[in-house]
Amino acid sequence: MMDLQGKTAIVTGGSRGIGRAVCLELASRGARVAVNFRSGHDAAQEVTTGIGTNALAIQADVSDRAAVKAMVARTEAELGTPDILVNNAGLLYPGSLLDYDEEQFDRMWRTNVKGVLYCCEAVAPGMIERGWGRIVNLSSNAAIGTALPGTTLYAATKGAVLTLTKRLAFELSPSGITVNAVLPGFTKTDMVLAGKTEEEAARLIEAVSNRSLVGRVGEPADIASLVGYACSEASAFMTGQFLLADGGRQDYLTRV
Ligand SMILES: NC(=O)c1ccc[n+]([C@@H]2O[C@H](COP(=O)([O-])OP(=O)(O)OC[C@H]3O[C@@H](n4cnc5c(N)ncnc54)[C@H](OP(=O)(O)O)[C@@H]3O)[C@@H](O)[C@H]2O)c1
């Protein structure tokens with residue numbers, strides 16, 4: 001269904017993984033898409049080439065407030081005022097109570113939390129003026145519990161994304177803007193598989209698959225279709241919600 005015809009979307013971290021799948025999903029629904037990336041220029045360019053003329057690759061570090069403002073201004077000039085924002089860019093560094101690197105935690109916080117705030121801040125005035133907007137924030141099932149040790153601080157950033165989602169939904173609802181969060185479970189991307197051998201990756205995927213009702217891990221497209229719905233007019237009656245897509249995981253806060 002081409003239900004995003006005429007809309008302009010910004011997808012942060014759109015160069016690979018879930019963000020890439022979201023860019024393709026929104027474009028397939030008819031949206032013009034700004035594909036944001038931090039360092040993966042070629043990967044982002046590949047996504048825009050796949051989409052065609054209605055796409056633009058834009059470099060910006062979402063943790064840099066001025067760079068985010070410039071990204072939104074360029075999107076506005078070249079594709080139109082953003083109607084849709086998908087805050088997908090994210091980092092995962094290991095970190096638990098007695099074992100973390102403060103610099104890594106700060107980088108994760110700046111990207112995963114402040115990045116969401118800065119992007120919402122930059123697109124909100126245009127959405128308010130037009131009386132319509134869709135904001136979708138990528139949180140994580142880690143925000144509500146996990147069986148994976150060493151992800152406490154990452155989970156805290158994703159919990160903050162849930163809080164921002166609720167509060168921004170409250171702030172922006174009078175202007176026709178909905179704000180929802182999507183919480184993916186384990187999804188096959190670099191974030192969870194980079195640096196692993198094929199054997200290690202296969203073992204991890206099998207272990208996680210065995211803990212879900214559907215018996216598999218997520219593909220980026222599983223998450224992108226949910227994001228696509230939350231960006232559409234069809235979701236107008238839903239705001240401030242946490243949409244969990246984890247294959248029916250059965251092991252939250254269970255030691256394995
Ligand atoms: N994969 C999972 O299992 C999973 C589960 C739950 C939640 N999530 C969440 O889903 C989102 C996407 O995850 P993913 O697995 O697709 O990650 P990924 O494969 O590691 O891709 C991350 C993307 O974010 C971009 N990025 C990172 N830091 C950035 C910054 N400061 N500014 C702009 N872009 C930045 C990267 O761009 P460059 O390549 O240019 O650096 C890349 O496009 C994240 O928010 C993640 O926390 C993922």
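Whatever order the structure lists them in is the order used to number ligands and atoms, beginning at 1. Just so we're clear, the structure is a prediction, and the values are computed from it rather than from any experiment.
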Start with the C-alpha distance between R20 and E46, add both sets of side-chain angles, then the distance that settles salt bridge (charged side-chain N to carboxylate O under 4.0 Å, His left out), and finish with yes or no. CA-CA 10 Å; R20 175 182 181 277; E46 235 180 271; 5.6 Å; no
Any pair counted as ring-ring contact (aromatic ring centres under 6.0 Å, His included), so long as it reaches residues 17-62, sequence neighbours left out: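 Pairs touching residues 17-62 that pass the test: F37-H41.
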Within a radius of less than 6.0 Å around NZ of K114, do more than 12 heavy atoms belonging to other residues, nucleotides or ligands occur? no
I need the single residue from L26, V22, L4 that forms a side-chain contact (heavy atoms from CB on, under 4.5 Å) with V33. Which is it?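 Filter result, single survivor: L26.
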Does R134 make a cation-pi contact with W132, if we ask for NZ or CZ under 6.0 Å from the ring centre and within 45° of the axis?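 Yes - R134 lies over the ring of W132, closer than 6.0 Å to its centre and within 45° of its axis.
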Which pairs of N or O atoms, one from ligand 1 and one from the protein, are separated by less than 3.5 Å, and what is the distance for each pair?
| residue | atom | partner | partner atom | Å |
| --- | --- | --- | --- | --- |
| ligand 1 | 1 (N) | T187 | O | 3.1 |
| ligand 1 | 1 (N) | T189 | OG1 | 3.1 |
| ligand 1 | 3 (O) | T187 | N | 2.8 |
| ligand 1 | 3 (O) | T187 | O | 3.4 |
| ligand 1 | 15 (O) | T189 | OG1 | 2.5 |
| ligand 1 | 16 (O) | I18 | N | 2.8 |
| ligand 1 | 20 (O) | R16 | NH1 | 3.4 |
| ligand 1 | 31 (N) | D61 | OD1 | 2.9 |
| ligand 1 | 32 (N) | V62 | N | 3.0 |
| ligand 1 | 39 (O) | S15 | OG | 3.4 |
| ligand 1 | 39 (O) | R16 | NE | 2.7 |
| ligand 1 | 39 (O) | R16 | NH2 | 3.1 |
| ligand 1 | 40 (O) | R38 | N | 2.9 |
| ligand 1 | 40 (O) | S39 | N | 2.6 |
| ligand 1 | 40 (O) | G40 | N | 2.7 |
| ligand 1 | 41 (O) | R38 | NE | 3.4 |
| ligand 1 | 41 (O) | R38 | NH2 | 3.1 |
| ligand 1 | 41 (O) | S39 | OG | 3.1 |
| ligand 1 | 43 (O) | G13 | O | 3.2 |
| ligand 1 | 43 (O) | S15 | OG | 2.7 |
| ligand 1 | 45 (O) | N88 | O | 2.8 |
| ligand 1 | 45 (O) | K158 | NZ | 2.9 |
| ligand 1 | 47 (O) | Y154 | OH | 2.6 |
| ligand 1 | 47 (O) | K158 | NZ | 3.0 |

Compute whether any side-chain donor of one residue and acceptor of the other, for T165 and N137, lie under 3.5 angstrom apart. yes
